[in-house]
Participant: 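A single structure is presented below for examination.
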Amino acid sequence: MKEVNIALLGFGTVGKGVYELLEKNAPLIYQKTGLYPRIKKILVRDLNKIREKNVPSNLFTLNIEEILEDDSLPVVCELIGGINPAKEYVLRSLQKGKHVITANKAILAEFGDEIWKEASQQKSYLGFEASVGGGIPIIKTLKEALIGNKIKSIVGIVNGTTNYILTRMLENNLSFKEALKEAQAKGYAEADPSLDIKGWDSAHKISILASLAFGTYISFSKVYVEGIEEIDLLDLKFAKDFGYVIKLLAFAQKDKNRLEIRVHPTLIPENHVLASVRLNYNAFYITGDFVGDILLYGLGAGKEPTASAVVSDIVSAMEYTNLKREPFIKYPSMDKSLEKFLKPIEEVEFKYYIRFSAMDKPGVLSKISGILGKYEISIASVVQIGRQKKKGSVPIVMLTHESKEKNLRKALKEIDQLEVVTAITKKIRIWD
Ligand code: NAP
Ligand code: HSE
């Protein structure tokens, strides 16, 4: 039986998932491929931490050199997360001629040019299926299945934690904090959950997808990012009253030579296919010039689905080990020429949901709409929700027709200075 030895770096949610999957399904993989994946070493940082009882203790090591210097370990899976030491271990493994698999979108989005270059130079396989979309095969879809298409756009729900939080808040009245706690307990969140909540994890992922889709490297620093930390239950409910659902969406769109890469909370109509993506599910709505529209949907975070993606890369890496040939499918070009076509968010036109907090007195609405009119923002519908019994502020919710982001920003700045406006106005973009 031909075995391929694997080293895991990290034994947390994903590392344990990969171990369990191979314990169960390695014989099946052997049956399908003729190669048997065998985990031979696991790097951890604390040997005393209680590990799974059924994992032989001689697999664990604290010393990365034991893996890097061991030529009988051709495949290394980096499942530590964060930048350091993950990036160093990935680069050093590649320099040692190993095939590398990583679930780490942060290192790819922030240092992808360096990592991809090293993998190309070493003629090594660099697998990163698990870095985006959990168990959904989005990377291989873009790299292989859709390679013949000019990709026009990818719009997706690409973060399980935030989608879980928004779903639990709306459907079960959980507070933001309670819902986040649950997502952490289920192993969906990043070690630093602000990466999820503030939209950075989604930004990491969409910059990787944009680089693959458009064939040039698009650095993560170019992505416009807003997270969900300002979304209240009130907004989720008002949106629902208007027939919308709020989702954290990631966009990568290329139209002629204009490029938009952005992440922000977005209202989408309740009957849109992405509106039904709940909890830790993710989905990618992709449009290519020949394939047309396709939708990929599945579990975007969690132990088992992510392990499934890592193992798909392990099998690809084993194939290269076996054939001793260089990967045919290349990595994104290091040319950054497309970046100059990025459209600044201020120039993009959106419809908006706007929630004002204003005093409940006559003339307030006309003051607000007067300023909106001055900036050529036209109102599609408006609702003032209930009168307060005592004198105080009330929410006024508006939906607008399309207008330029820069005009809306100027208008809201002026509106927020009105005496009758009692809190910073909230705006959420609409995509329909
Ligand atoms: P995790 O549960 O926090 O596990 C990380 C593991 O790495 C832990 O076992 C930790 O050791 C170990 N570690 C940390 N620093 C180390 C060091 N210096 N040397 C050796 N080991 C070290 O994280 P995770 O959820 O498995 O995520 C791992 C990666 O997968 C991240 O890049 C994440 O973004 C990505 N990912 C996660 C998911 C998901 O659903 N969780 C999905 C897709 C991708 P200790 O056990 O001692 O703390
Ligand atoms: N923290 C990430 C998420 C893990 O919630 O989507 C999967 O990449």
Side-chain angles (χ1 to χ4, degrees), residues 7-20 41-52 55 60-68 76-90 101-110 127-136 138-139 156-167 179-180 182-206 208-209 227-228 248 250 263 277 279-284 298-310 313:
L8 301 186
L9 314 184
F11 200 60
T13 304
V14 182
K16 285 178 188 153
V18 171
Y19 187 87
E20 285 166 21
K41 274 279 167 251
I42 305 175
L43 180 77
V44 292
R45 61 179 166 182
D46 178 4
L47 285 176
N48 295 319
K49 210 166 164 180
I50 300 163
R51 305 284 169 196
E52 310 309 284
V55 185
F60 293 105
T61 176
L62 293 173
N63 185 0
I64 183 70
E65 308 305 329
E66 261 187 50
I67 292 170
L68 295 176
V76 171
C77 303
E78 182 279 303
L79 308 170
I80 292 174
I83 303 298
N84 290 312
K87 177 192 162 207
E88 179 204 325
Y89 292 172
V90 163
I101 289 140
T102 179
N104 191 330
K105 45 272 159 142
I107 54 167
L108 291 173
E110 295 185 38
F128 49 100
E129 187 61 73
S131 67
V132 187
I136 306 171
I138 175 70
I139 301 294
I157 294 171
V158 303
N159 181 271
T161 302
T162 46
N163 203 47
Y164 184 89
I165 293 172
L166 294 173
T167 310
L180 169 62
E182 277 191 6
Q184 286 177 300
K186 287 172 183 285
Y188 307 152
E190 295 302 302
D192 171 6
S194 66
L195 286 168
D196 298 291
I197 292 161
K198 293 186 172 170
W200 299 111
D201 179 77
S202 298
H204 286 147
K205 289 166 174 169
I206 200 70
I208 294 171
L209 296 186
I228 63 159
L248 183 66
V263 171
V277 178
L279 300 168
N280 56 323
Y281 280 84
N282 282 188
F284 302 86
L299 288 166
K303 183 162 107 174
E304 289 87 2
T306 311
S308 160
V310 172
D313 277 334

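One-based numbering, in listed order, for ligands and for the atoms of each.
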Participant: Is Glu110 salt-bridged to Lys87, going by a charged N under 4.0 Å from an acidic O?
Facilitator: no

Participant: Quick check: does any side chain N or O of Asn282 sit under 3.5 Å from a backbone N or O of Leu299, one acting as donor and the other as acceptor?
Facilitator: no

Participant: Can you tell me which residues line ligand 1 if we count any heavy atom under 4.0 angstrom from one of its atoms, in chain and number order?
Facilitator: Gly10, Phe11, Gly12, Thr13, Val14, Leu43, Val44, Arg45, Lys49, Arg51, Leu79, Ile80, Gly81, Pro85, Ala103, Asn104, Lys105, Ala130, Gly187, Glu190, Ala301, Gly302, Thr306

Participant: Are Leu43 and Tyr89 side-chain neighbours, meaning at least one heavy-atom pair lies under 4.5 Å?
Facilitator: yes

Participant: State which residues pass salt bridge (charged side-chain N to carboxylate O under 4.0 Å, His left out) with Glu66; sequence neighbours excluded, sorted by chain then number.
Facilitator: Lys41

Participant: Does the Glu78 side chain pair with the main chain of Gly81, one donor and one acceptor, at a distance under 3.5 Å?
Facilitator: yes

Participant: Would a 4.5 Å heavy-atom cut-off, applied to side chains only, mark Thr306 and Thr13 as touching?
Facilitator: no

Participant: Residues in salt bridge (charged side-chain N to carboxylate O under 4.0 Å, His left out) with Glu182, at least two apart?
Facilitator: Arg168

Participant: Any idea which residues sit under 4.0 Å from ligand 2, heavy-atom distances?
Facilitator: Lys105, Asn159, Gly160, Thr161, Tyr188, Ala189, Glu190, Asp196, Asp201, Lys205, Gly300, Ala301

Participant: Do Leu248 and Val263 make a side-chain contact, defined as non-hydrogen atoms from C-beta onward lying under 4.5 Å apart?
Facilitator: yes

Participant: Treating Thr162 as the side-chain partner and Asp196 as the backbone partner, does any N or O pair qualify as donor plus acceptor under 3.5 Å?
Facilitator: no

